[in-house]
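Report on the structure given below.
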Amino acid sequence: MFPIRRNRRLRTNETIRSLVRETYISPNDFLVPLFVVEGSGVKEEIGSMPNYYRYSLDLLKDEVKTLWSLGLKSVLLFVKVSDNLKDNKGTEALNHEGLMQRAIKTVKSVCPDMLVMTDVALDPFSSYGHDGIIENGKIINDTTVEVLAEMSVSHAEAGADFVAPSDMMDGRILGIREALDQSNLIDVGIMSYSAKYASAFYGPFRDALDSAPVNIQNIPKDKKTYQMDFANREEAIRETEMDINEGADIVMVKPGLSYLDIVRDIRNSFDVPIAVYQVSGEYAMLKAAAEKGWLDHDAVMLEQITSIKRAGADIIASYFAKDVVKILNV
Ligand code: PBG
């Protein structure tokens with residue numbers, strides 16, 4: 001006899017499907033990455049990220065207002081630093097009048113309630129495109145952590161709500177938490193890129209910031225001595241547990257789509273908010289396929305974003321944020 005249970009009953013039409021749907025996307029899910037450059041009147045499209053731009057501070061204001069009007073209330077700031085300001089130690093990162101510090105103030109000046117998170121890592125400031133300081137052919141951990149902690153305090157003093165260390169040095173969450181607390185910045189949070197993989201999907205982002213790592217003193221042109229091996233799963237749990245114990249308020253898995261097993265593992269293991277970063281290469285792939293007419297852009301975009309949330313993400317950092325909320329009927 002045919003089974004009593006017919007699963008297709010719950011798929012008969014959109015009304016019943018929406019009644020039993022498990023995962024919904026809303027503007028509250030998103031964290032919007034923004035790229036900032038010096039100058040005025042600058043809105044430059046990033047070659048490998050169609051329809052995504054670098055903004056000078058004046059135009060950043062308009063973009064932030066647009067985001068707010070769409071219900072997008074959190075941004076993640078990145079800066080593109082000119083070559084002459086880069087050095088091995090990322091000295092410019094600590095400049096209180098630096099581009100990041102001014103960008104934070106700019107966002108808060110036009111939109112005081114916008115939640116501002118900042119990227120904390122040396123690569124945009126490093127002449128070698130690495131996330132740490134290089135000494136004797138090595139990326140040195142503990143000195144780098146000291147700089148990251150100072151950088152975090154500087155961002156927080158400029159008005160950042162959260163700092164987001166993306167460097168993968170050991171012990172940086174504790175170093176940053178202690179530095180913030182010592183400066184009485186106790187309400188400033190930390191979103192840790194806790195399970196960040198050494199991924200080839202970051203290519204377009206490195207174009208956006210001109211921050212690709214170079215081959216220097218035996219250090220290869222990759223970040224495999226600090227970012228995680230993409231073959232590893234258990235290690236992501238260890239990394240995340242350590243970051244939580246060191247004081248991370250939010251943890252992150254990055255990239256997104258290829259790592260949804262990790263997202264689910266972490267969701268099942270820890271009771272903290274999880275962010276997933278759908279990275280630049282993921283954005284570029286869909287834009288390219290859609291340009292060729294090979295994929296339906298909006299349909300694939302919604303499927304991917306929903307998959308990330310279904311896997312266990314509370315927060316999705318995505319270059320698609322604006323595109324998604326424009327087509328949501330919420
Ligand atoms: C650097 C950083 C990277 C990204 C965010 N922060 C690149 C890298 O680690 O080389 C990648 C984001 C993306 O690809 O969208 N600390």
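Residues: numbered from 1 along the sequence shown. Quick note: numbers below take in every heavy atom, side chains included, and nothing from hydrogens, waters or symmetry partners. Just follow the structure's listing: the first ligand is 1, and inside any ligand the first atom is 1.
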Who's the nearest protein heavy-atom neighbour of atom 11 (C) of ligand 1, and how far?
K254 NZ, 2.9 Å
Q278 to ligand 1, any heavy atom closer than 4.0 Å
no
Are the ring centres of H130 and F125 closer than 6.0 Å?
no
Report yes or no: does Q227 have a heavy atom closer than 4.0 Å to ligand 1?
yes
May I ask you to establish whether K43 and Y53 are in a cation-pi arrangement, using a distance under 6.0 Å from NZ or CZ to the six-membered ring centre and at most 45° from the ring axis?
yes
Kindly state whether the ring of F230 and the ring of Y197 have centres lying under 6.0 angstrom apart.
no
Per-residue contact class, A121 against ligand 1 - non-hydrogen pairs under 4.0 Å
side chain
Basic-acidic side-chain contact under 4.0 Å: E14, R21
yes
Closest to atom 14 (O) of ligand 1 among protein heavy atoms sits S280 OG, 2.7 Å
Which residue and atom name correspond to the protein heavy atom nearest atom 2 (C) of ligand 1, and how close is it?
K196 NZ, 3.2 Å
Report yes or no: is the cationic atom of K196 (NZ for Lys, CZ for Arg) under 6.0 Å from the centre of the six-membered ring of Y202, at an angle within 45° of the ring normal?
yes
Is there a nitrogen or oxygen of Y319 sitting under 3.5 Å from a nitrogen or oxygen of ligand 1?
yes
Centroid-centroid distance, F35 to Y55, less than 6.0 Å
no
Ligand 1 to S166, heavy atom cutoff 4.0 Å, flagged ligand atoms 1 (C), 2 (C), 6 (N), 16 (N)
Atom 8 (C) of ligand 1: nearest protein contact (heavy atom, Å):
K223 NZ, 3.3 Å
Pull out every atom of ligand 1 sitting under 4.0 Å from any heavy atom of D131, numbered as shown with elements.
1 (C), 16 (N)
With heavy atoms only and a cut-off of under 4.0 Å, state how D123 meets ligand 1: side chain, backbone, both or neither.
side chain
So, applying side-chain contact (heavy atoms from CB on, under 4.5 Å) with M191, which one of V120, D161, V251, L31 is it?
L31
Please work out, at 4.0 Å between heavy atoms, whether the side chain, the backbone, both, or neither of Y277 comes within that distance of ligand 1.
side chain
Can D123 and R206 be counted as an ion pair, charged N to O under 4.0 angstrom?
no
Heavy-atom distances under 4.0 Å are what count here, so tell me which part of D167 touches ligand 1: side chain, backbone, both or neither.
neither
State whether the number of non-hydrogen atoms from other residues, nucleotides or ligands found under 6.0 Å of M114 atom CE is greater than 12.
yes
